[in-house]
Amino acid sequence: MRVEFRLLGEVGARLDGRPVDVGPARQRYVLAALLAEANHPVSMDQLAERVWGENPPPRAAGTLRSYLSRLRAAVPVTEEWTIGRRSGGYLLEVDETAVDLHLFRRLLAQARGQDGMESIALYERALALWRGEAFADLDTPWLTAQRHTLQAERFAAQLAFQDIRLRHGENAGLLADLTALAAVHPLDERLAGQLMIALYRSGRQSDALECYARIRRGLAETLGADPGAALQRLHQRILAADPELAQAAADVTVTPRTPPAGTGGGVVPRTLPAAPPFFVGRDRELDELDDALTAQPAAGAARVVTIGGSGGIGKTWLALHWAHRNADEFADGQLYVNLRGFDPSDAPTSPEVAIRILLGALSVDPAAVPPMFDAQVALYRSLMSGKRMLIVLDNARDTTQVAPLLPGSLSCFVVVTSRHELAGLVAGHGAHPITLPPLGQADARRLFTHHVGSRRAAAEPVTVASLLNLCAGLPLALSIIAARAMVRPNFPLRSLAEKLSGGSARLDALDAGEPAADLKAVFSWSYRTLSAPAATLFRLLGLHPGPDADDQAAAGLAGLDVVRTRRLLTELTRAHLLIEHRPGRYTFHDLLRAYAAEQALAHDTEAGRRAASQRVLDHYTHTAHAAMLLLYPHRHPIALSAPSEGVRPAVLTDARQAMAWFTAEHAVLIAAVRQAAELGFGTVTWQLAWALVTYFDHQGHWQDLLATQQIALDAALEHEDRLGQAHAHSGLVRAYSRLSRHDDVRVHVERTLTLFGEVGDRIGLANAHRGVASFLETHHDYQEALGHAEQARDLYQQAGHRAGLAHALNAVGWYHTMLGRHDQALIHCRQALDLHLELGPQHGQATTWDSLGHAHLHLGHHDQAAACYEQALNLFREVADRYNEAATLVRLGDAHHAAGSGDQAGHAWRRALTIFEQLGHADAGRIRAKIEQAFSVRRSSGG
C-alpha cells in the first residue's frame, strides 16, 4: 500500500490514492505535529504543547496514547511508515517523499541546483503540492507559527520560479500569475521588478512604468521609504528603453532589501537608542562580548550574554556601545526593548507587552498579531528564524520576564542587562554572564575630565579625586555631577564636592540583595535646586502608574492647571530629572523614579500621597468615560462620582481624538486599573475597566479586555460592590465570547442577570438579557434567545432608553429570521433602523442593516440582501469594528453565492477569512472550509 500524508492544505492521508479518515481535529493535531518533525523524536511535553497550546488537559499523556492508537488503526502501519515510542516521547518514521511538506522542500533544494527546463519542472512539481494554506483546518499557536513560516517559504519559491521563467523567455504567459501575486504583496520589490520586466518585454512599457509608480507610492505612504537601488536602476533602464533588457537571457533579477519574513515592508529594523556620546574603559567586557559573538554555541544553547551589576554602573551604556560598534554584524537588524524590571511602581514591562513591541519593530501589522500570547511568541520566533539579528533586552527583572523573548534561532544574538544575576538564563539557556564592576580610577577620571574639560579638572586635582570617590566609579553618577559642574562653569568644583559630601545617605538598591549605589546624594543635589512646586511634582510623578504620562495626567496628579504644569515639566527636563521621550510624554530613568517615590514617602503624608493617586486615577477614569462615549455615543453611561478637586479630564471632541487618546494611553490605562485595585479604590477600578470595554473590543485587544475586567471583578468582590460586580461580569461575557470560551461565558452571563436584577438597574438588566440571548445563539437556541431579546426590549421601553430599544428591536428581528420568520424579522428590523437613523449611532445602524440583509437573503431577495450587507460593511469600517466587518463579509458572500455569483462570493469570503485570521478568531476554520467546499463543488461540476 502506498501511503501519502498531506500537510499543505487540510491535514490528511491517502492509501493507494484514496483518502483516509484520520479522525477528529485533535487527532489530526497529533498527526500534524509528528509529521512536521518526521524522523525526529518529539518529547511528550512538546507534543502536548503543539496539540493543546498552553493548557493541556490533566491526563494529556493518556489522551495522546489514545489518539496515536486510533491513528495506527485509521492508517495501517506498514514498512513505509511507523509511530514508535522513544524515551519521553514519540517518533514518526516515514519516507519523506510521502509527506508533501518534506517533498516540497526536497524538490526546492533540487530545483535550486538545476537550471533550464529541469529546474522549471521541479518548481512546478513543488508548488503544485499546495492545496491551500498549510494545516488549513487546524489552529494552535505552534501550528500558526509553522503556517507563517511555510507561507514565507512558498512565496520565496514562487519568486524564484518566476525568475527562472523570465530568464527562459516567458513574459506574456507570466503576467496573470505575477499580477495576482502583486495584488497580495503590493510592497515586495522583487515581485514588482518581475512584473515590470514581463510587462516591458510584452510591449507594455507604460504599464511597466505605472507599476513602478504604484510601488513607489505604496512604499512612501506605508513606510516612508523609497524603492531600493536595484528597483530604481530597473526603472531607469525601462525609461531609457534599454535594448538589452528585452533579451530573455539578460540578468535583470531585482534583489531588494530583505525584510524579516512575514513583515510588512522592506525596512530593516534598527531600534537601538543612540550610543553613549563618550565611552571609556570596559575593554575586558567588550572582548568578552566579541568572543561570545564568534564562539560556537553548545548544542541546544541560545546565543545570549547577560550584563549584570548594580544600578547606575553602566550596563546599558556598555550594551549600546558594543551594539553600535558591531551593527554591521547584524545585517537583518537590531532590536531594543526596555523591560523596566526595577521600576519602583513594581510594574515591569510584561512579556505580553514586550512581544508586541518586538512584533511592531518587525513591521507586523497590529491587526495581524494573534490574540493569544503563545501564538505571538511563536510568530516572533518564526520571523526571527534564520535571521542575523541583535536583540538588546535592557533592565530585565528576572528570567521569567526574558525567556519568552528569546528567539529560537542560533543566528540571532541576545544581550540582556539586569541588576539581577539571571542565574536561570545561565543555567537554563546557556547564557554567558558578564558582571560589571565600577569603573577604575583612571577611566572614571577620563570620563569626568571629558565633561568638565581638562583645564578645569587639572586646576583642582584633590577635589576631582574627592568627587570620583563620591561617585564610586558609577558612570551615571559621574555624568550627573559633571553636568551640574558644566552649567555653573564659574563655580569652583570644591563647592560641588562640599554639597555632595553633606548627604550621608545612599540610594538604596531597588531590589533586595543589590548593593547600594552612591546616587542619592547626586539626585538630592539636583532635586534641591528645584522650585518647591517642581519638587512636589517630581515626587508625585513617582506615584504615577507608568510607564509614562502626558502633561494633562501630570496636572491631575499634582492638582494644578495644565499651563502651570507644563512650566514645571520643563523645569524638570532641564534639570535632567525627567525625559520627554516623545512630544508631550514624559518618563523617568528608573533610578530617578525610585528616588522620586522615595522622596514622596519621606516628605508627603500618606493622605497626600493617596489624594494624588486618587486624582490621577480620576483623570484617567473620567477621560476614558468621555472618550468611550465619543466612540459609542449611545452606550448607557455609568454614574461617575465627581472628579477630585483639581482634576480636569482631557478635552476630546470627536471619535478620532478619542481613539488617538486610547491608543496613546493603552499601556498606562492597564497599569492604572491595576494600581487602582492595589490601592483599594474599588469603585474606580471597575469604572475605569468599564470605560475601556468598547476600545478593547473593537480593536481586538481581547486579552487586555479579559485582564482588566477580571481585576475589576476581584476589586468589586473585595468591596462587596454588587453593581461593580455586575458590570465586570458583563465585560467578562464580552471578552470570553470574543475568545470563544463559551463555558466561561455561561458562568458570567448568569451572574449578570442575577446581579443587575438585585441592584434594580433596568438598563443593566436589559443589557444582560441581550447578553444571555447572544450566548443562547451560540448554542442555536433561538426561541429562548428571542424571549430574552423581547424582555430586553420591554425593559428598555420602560426605562425610556431609546438607543437600547433600537438594539433590542434589531435583536428581536434577528432571532425571528433565525427561526425562519423572515417577514416578521423585516418588520422589527425596519423599526430598529428607523430609530437608529433618528438617533444617529453608526454601529447600531450597521448591525441592523446586517440583520435586514439576512432576512432578505432567506426570502430570496438576493440583490436587496447584498445592498443591505454593503451598507453594514461601510458602517462597520467607519467605527473600526473588525470582528463584525468580517462576520458581515461572510454573509455578503452567502448572498452572492445564492445569486449564482461565485467569484463575488469567493472574494467576500476570502476578505472575511483574512480578518478572522488576523484577529485569531475561531471562525477562521469554518470560513476556510466554506471556501474550499464551495469551490471544490464548482470544479467538480465544471463551473
Side-chain angles (χ1 to χ4, degrees), residues 269-277 279 282 285-286 288-289 292-293 302-327 330 333-362 380 389-407 412-422 424-426 429 431-436 474-476 479 509-511 514 517 519 546-548 579 581-582 587-594 667:
R270 303 186 191 279
T271 63
L272 293 174
F279 188 86
R282 308 302 191 197
E285 291 81 11
L286 290 168
E288 280 191 71
L289 282 161
L293 177 62
R303 284 156 48 89
V304 183
V305 171
T306 63
I307 302 176
S310 61
I313 206 160
K315 301 180 294 293
T316 299
W317 283 14
L318 171 63
L320 293 178
H321 176 76
W322 182 86
H324 281 280
R325 194 172 78 169
N326 290 274
F330 305 99
Q334 306 96 42
L335 303 177
Y336 173 88
V337 180
N338 187 349
L339 296 176
R340 303 184 185 281
F342 299 89
D343 193 303
S345 66
D346 198 28
T349 301
S350 68
E352 289 81 1
V353 171
I355 203 71
R356 281 186 170 269
I357 292 172
L358 290 165
L359 290 172
L362 292 169
Y380 161 68
M389 298 188 78
L390 171 67
I391 304 94
V392 177
L393 304 175
D394 200 14
N395 296 321
R397 187 175 185 88
D398 51 36
T399 299
T400 301
Q401 187 187 24
V402 172
L405 311 180
L406 299 180
C412 296
F413 192 79
V414 184
V415 176
V416 185
T417 74
S418 178
R419 295 190 187 105
H420 278 161
E421 292 179 351
L422 301 183
L425 278 184
V426 177
H429 298 272
H432 175 78
I434 296 175
T435 300
L436 213 55
L474 300 180
L476 179 60
S479 297
L510 297 181
D511 62 306
E514 284 268 338
L519 291 177
D548 61 0
I579 301 168
H581 70 114
R582 295 209 311 269
T587 190
F588 285 108
H589 182 283
D590 52 7
L591 294 176
L592 286 168
R593 186 186 292 273

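When a residue number appears, it is its place in the shown sequence, counting from 1. Please read these numbers as outputs of a predicted model, since none were measured by experiment.
- Applying the side-chain hydrogen bond (donor to acceptor under 3.5 Å, both in side chains) test to T316 and every residue at least two apart in sequence or in another chain returns D394.
- Taking V414 as the reference, V304, I391, L393, L406, P407, V416 meet the side-chain contact (heavy atoms from CB on, under 4.5 Å) condition, with sequence neighbours excluded.
- Contact annotation: the side chain of R340 approaches that of T587 to within less than 4.5 Å [non-hydrogen atoms, C-beta and beyond].
- By the side-chain hydrogen bond (donor to acceptor under 3.5 Å, both in side chains) test, T306 is found to be paired with no residue, residues two or more places apart in sequence or in another chain being considered.
- Taking the ring pair (Phe, Tyr, Trp, His ring centres under 6.0 Å) definition, one finds that Y380 meets it with nothing, sequence neighbours left out.
- Distance CG/L289 to CH2/W322: 5.5 Å, rounded to 0.5 Å.
- A distance-only check finds no donor-acceptor pair linking the side chain of T349 to the backbone of A354 [under 3.5 Å].
- Closest of all the heavy-atom pairs between L320 and P273 is CD2-CD, 3.7 Å.
- Take D548 and apply the salt bridge (charged side-chain N to carboxylate O under 4.0 Å, His left out) test, not counting sequence neighbours, and it matches R585.
- Scanning for salt bridge (charged side-chain N to carboxylate O under 4.0 Å, His left out) contacts around R270 gives an empty result, with sequence neighbours left out.
- Proximity of L293 to F330: side-chain heavy atoms (C-beta onward) are separated by under 4.5 Å at one or more points.
- Residues passing the side-chain hydrogen bond (donor to acceptor under 3.5 Å, both in side chains) test with R325, sequence neighbours excluded: D290.
- Taken from CZ in R397 to OG in S350, the straight-line distance is 13.5 Å, to the nearest 0.5 Å.
- Checked against salt bridge (charged side-chain N to carboxylate O under 4.0 Å, His left out), E288 has the following partners two or more places apart in sequence or in another chain: R284.
- Minimum interatomic distance between P351 and Q401 (heavy atoms only, all atoms of both residues): CG-O, 3.7 Å.
- Evaluation of the ring pair (Phe, Tyr, Trp, His ring centres under 6.0 Å) rule for H432 yields no partner, not counting sequence neighbours.
- Scanning for side-chain contact (heavy atoms from CB on, under 4.5 Å) contacts around T435 gives an empty result, with sequence neighbours left out.
- Taking every heavy atom of both residues into account, P269 and L362 meet most closely at CG-CD2, 4.1 Å.
- Considering OG1 of T417 and CD1 of I307, their distance stands at 7.0 Å, rounded to 0.5 Å.
- A search for ring pair (Phe, Tyr, Trp, His ring centres under 6.0 Å) contacts involving F279 returns H321, not counting sequence neighbours.
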Query raised in the report: Can you check side-chain contact (heavy atoms from CB on, under 4.5 Å) on V337 and T271, steps first, answer last?
Result: CA-CA 9 Å; V337 180; T271 63; over 6 Å; no
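- A pairwise comparison of heavy atoms in P547 and A667 identifies CD-CB, 4.2 Å as the closest pair.
- Atom-to-atom distance recorded for L390:CG and L272:CG is 6.0 Å, nearest 0.5 angstrom.
- With sequence neighbours excluded, the residues satisfying side-chain contact (heavy atoms from CB on, under 4.5 Å) with A292 are V305, F413.
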Requested in this report: Could you walk me through whether L335 and M389 pass side-chain contact (heavy atoms from CB on, under 4.5 Å), step by step?
Outcome: CA-CA 8 Å; L335 303 177; M389 298 188 78; 4.1 Å; yes
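- Counting all heavy atoms, side chain and backbone alike, L422 lies closest to T399 at CD2-N, 3.8 Å.
- In this structure, NZ in K315 is found 10.0 Å from CZ in R282, a value given to the nearest 0.5 Å.
- In plain terms, the two heavy atoms of A396 and L339 that are nearest each other are CB-CD1, 3.8 Å.
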